[in-house]
Amino acid sequence: MAYIKHPWQKSFRAIPKHIRAKIDAIDSPLITVATNKKIAKQDLSEGVYAHLDIRLNTDGTVAFRRSVLPIPQAGKYSTYNIHGREIVRRDLPKVTKTFSWETPNFGDGSTYGYHTHSHDREVYQRTYFEPRFLELSVDLISESDRSAAMTFQVGHTIDVGSADYEGDLLFCLNLLQENVGAVDVYPSDVSRDDYLQTIGLDWEIFPPGERGALIAAIRSQTRSNTDSDVAESRIELFSQLNPEHFLKGTGRYTSYVGAKFFDDLVVFENITYGNALYVLYENWEVLSQRSRLELLAGTSEQYDRFVHTDGWQDRFMDHIRREINLRES
C-alpha cells in the first residue's frame with residue numbers, strides 16, 4: 001500500500017523523552033494521547049489534512065468531522081489500527097500446526113463435491129495484534145483568516161500501571177503523529193470505573209437449547225442487520241459441532257459471539273470488525289477473565305486464526321472436529 005506523504009515525521013521508534021517527562025509530572029494513573037495544533041489554512045486548501053476530512057468551506061471557514069477513523073493510507077499504524085498486525089516470531093521455537101485444503105472429488109467438485117486433506121508442518125510462531133479501530137476526536141478551538149487552532153485526541157484511555165502500557169502508549173502516539181504531525185499527553189478525564197468498562201469483556205452464556213434466545217438477543221442489541229446476519233450464521237455453524245455453550249459479549253461488546261466446546265477449546269469472533277474466527281486453547285476460567293485487548297495476547301501457539309478466505313468454513317469445521325476427537329479419545 002502506498003502511504004500518503006505528509007510534511008512531518010511519520011512515527012517514533014521509541015517513546016519520546018519529552019512525553020516520558022510529561023507523564024512523570026502527571027498525577028493520574030490514566031492518561032490520554034492528544035495535542036493542540038495551529039494549522040495554516042493554506043495547508044487545508046492544499047489538502048494536507050484531507051485524510052482526516054478537514055477542509056475549507058467556500059467562505060473560507062474550517063469544515064471538519066468531530067470523530068474520524070484514520071484511513072490505512074495515512075501510515076502503517078493507521079493500517080494496523082484497522083487491519084491488525086501479525087509478526088512472525090523467528091526468535092521462538094517452531095511449533096506443529098495442521099493445515100487443511102479442499103480437493104475436488106474425481107476432479108469435478110461441482111458434480112461430486114470436495115473432500116478435505118490435512119497435514120502437519122513445523123512453522124514459526126506468530127504474534128497477532130487485533131485491530132483496535134481507534135478514532136480521533138477533532139475540535140476547533142479558534143480560527144482566523146489565515147489559520148485554525150485545532151485539538152486532536154486518540155479515543156483510548158491508557159493505564160500507566162498496566163503490563164502493556166509501553167506498547168499501548170507508543171501505538172497511540174504513532175497513530176496521532178502520522179495523522180496530525182504532533183503529539184502530547186494529558187491526564188484522562190475518564191474515571192477508573194468507566195475505563196474498566198471500556199476494556200472489560202464479560203460473557204453471557206447460553207445453553208445449546210437457547211440458540212433462538214441468543215439470536216433474538218443479538219438482533220435486539222445490534223444496530224446493523226448485516227452484523228446480525230453474520231452472528232446468526234456463526235451460531236448456526238457452531239451448532240453443527242454441538243458446543244457445551246454459546247457465548248455472547250455483554251455491555252459494549254455485544255459484537256463478540258462464540259462457543260465453548262471444552263474448557264480448553266473456545267471459538268469466538270467480533271462480528272462487527274472481524275475478518276477471522278479464533279480458536280483458543282486456554283483454560284476457560286482464565287480466558288473469561290481477560291480484557292478485550294488481552295484476549296489474543298501471546299503467540300499463535302495459544303490460538304489458531306481462520307481468515308475468511310475461500311473455503312475457511314470447511315477448514316474450520318475440519319479443525320474443530322479433530323480437536324474434539326482428540327479430547328474425547
Side-chain angles (χ1 to χ4, degrees), residues 86 94-105 109 113-123 125-128 130 201-215 217-218 229-249 253 255-271 274-290 292 294-329:
E86 191 172 67
K94 288 186 174 182
V95 295
T96 301
K97 289 283 185 178
T98 301
F99 295 85
S100 303
W101 68 96
E102 301 298 308
T103 301
N105 297 325
Y114 294 80
H115 61 280
T116 303
H117 286 284
S118 301
H119 77 281
D120 292 340
R121 193 169 74 198
E122 294 291 309
V123 297
Q125 298 181 52
R126 296 169 183 263
T127 296
Y128 180 71
E130 187 182 29
L201 176 56
D202 292 327
W203 298 99
E204 189 173 357
I205 298 175
F206 290 78
E210 295 185 12
R211 183 175 62 185
L214 170 58
I215 293 173
I218 290 173
D229 291 343
V230 171
E232 184 169 355
S233 69
R234 297 296 181 267
I235 293 165
E236 295 298 333
L237 182 69
F238 302 154
S239 297
Q240 299 177 42
L241 298 163
N242 300 314
E244 290 182 5
H245 299 105
F246 293 112
L247 308 172
K248 182 178 75 67
Y253 301 107
S255 59
Y256 282 78
V257 296
K260 173 175 172 282
F261 298 93
F262 291 88
D263 280 344
D264 61 348
L265 185 61
V266 177
V267 303
F268 78 93
E269 180 171 350
N270 184 329
I271 59 174
N275 61 356
L277 189 67
Y278 296 89
V279 182
L280 284 79
Y281 308 100
E282 298 183 51
N283 183 280
W284 166 246
E285 294 300 326
V286 174
L287 178 66
S288 63
Q289 298 301 314
R290 283 189 171 184
R292 176 181 61 90
E294 295 172 333
L295 198 56
L296 295 175
T299 68
S300 57
E301 187 175 15
Q302 284 82 44
Y303 66 85
D304 279 295
R305 181 170 174 252
F306 290 84
V307 180
H308 298 336
T309 54
D310 290 344
W312 76 267
Q313 292 189 356
D314 291 330
R315 293 192 297 273
F316 166 74
M317 295 289 281
D318 180 68
H319 179 84
I320 294 297
R321 288 190 178 109
R322 185 166 53 249
E323 292 292 333
I324 290 174
N325 289 336
L326 286 173
R327 287 160 176 76
E328 290 179 340
S329 60

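Throughout, numbering of the chain's residues begins at 1 and tracks the sequence.
- Once rounded to the nearest 0.5 Å, the distance linking CD1 of Ile320 with CG of Asn242 reads 12.5 Å.
- At a threshold of 4.5 Å between non-hydrogen side-chain atoms, the residues Leu237 and Met317 count as touching.
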side-chain contact (heavy atoms from CB on, under 4.5 Å) assessment of Phe262 paired with Glu328
CA-CA 10 Å; Phe262 291 88; Glu328 290 179 340; 3.9 Å; yes
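- Annotation: the span from Leu247 atom CG to Phe238 atom CZ amounts to 9.0 Å, rounded to 0.5 Å.
- Closest approach of Ser239 and Phe246 over heavy atoms only: OG-CZ, 3.3 Å.
- Cation-pi geometry between Arg305 and Tyr128 is met: the NZ or CZ atom falls under 6.0 Å from the ring centre, inside 45° of the normal.
- In this structure, His245 NE2 and Lys260 NZ are separated by 6.0 Å, a value rounded to the nearest 0.5 Å.
- Side-chain atoms of His319 and Phe306, non-hydrogen and from C-beta on, do get closer than 4.5 Å to each other.
- Closest of all the heavy-atom pairs between Pro243 and Pro208 is O-CG, 3.1 Å.
- Taking the six-membered ring for Trp and thresholds of 30 and 60 degrees, Trp284 and Trp203 have ring planes inclined between 30 and 60 degrees apart.
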Carefully, step by step, assess Glu122 and Thr96 under the rule side-chain contact (heavy atoms from CB on, under 4.5 Å).
CA-CA 5 Å; Glu122 294 291 309; Thr96 301; 2.3 Å; yes
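- Summarising the geometry of Val267 relative to Phe316, their closest heavy-atom pair is CG1-CE1, 3.8 Å, with the distance given to 0.1 Å.
- Looking at every heavy atom in both residues, Leu241 comes nearest to Ile324 through O-CD1, 4.0 Å.
- Minimum interatomic distance between Leu277 and Phe268 (heavy atoms only, all atoms of both residues): CD1-O, 3.4 Å.
- Here the closest non-hydrogen pair linking Glu323 and Leu265 is CB-CD2, 3.8 Å.
- Separating the CD atom in Glu236 from the CD1 atom in Ile215 is a distance of 5.0 Å, to the nearest 0.5 Å.
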For a side-chain contact (heavy atoms from CB on, under 4.5 Å) check, start with the C-alpha distance between Glu269 and His308, then their side-chain angles and the critical distance, and finish with the verdict.
CA-CA 11 Å; Glu269 180 171 350; His308 298 336; 2.8 Å; yes
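- Summarising the geometry, atom CD1 belonging to Ile218 is positioned 8.5 Å from atom CD belonging to Glu232; distances are rounded to the nearest 0.5 Å.
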Does Ile235 form a side-chain contact (heavy atoms from CB on, under 4.5 Å) with Arg211? I'd like the steps, not just the answer.
CA-CA 8 Å; Ile235 293 165; Arg211 183 175 62 185; 3.4 Å; yes
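- Residue Asp310 places its CG atom among 12 or fewer non-hydrogen atoms of other residues, nucleotides or ligands, all under 6.0 Å distant.
- Remark: Gln125 CD to Gln302 CD distance equals 7.0 Å, nearest 0.5 Å.
- Using modelled atom types, no side-chain atom of Asp318 and backbone atom of Asp314 make a donor-acceptor pair closer than 3.5 Å.
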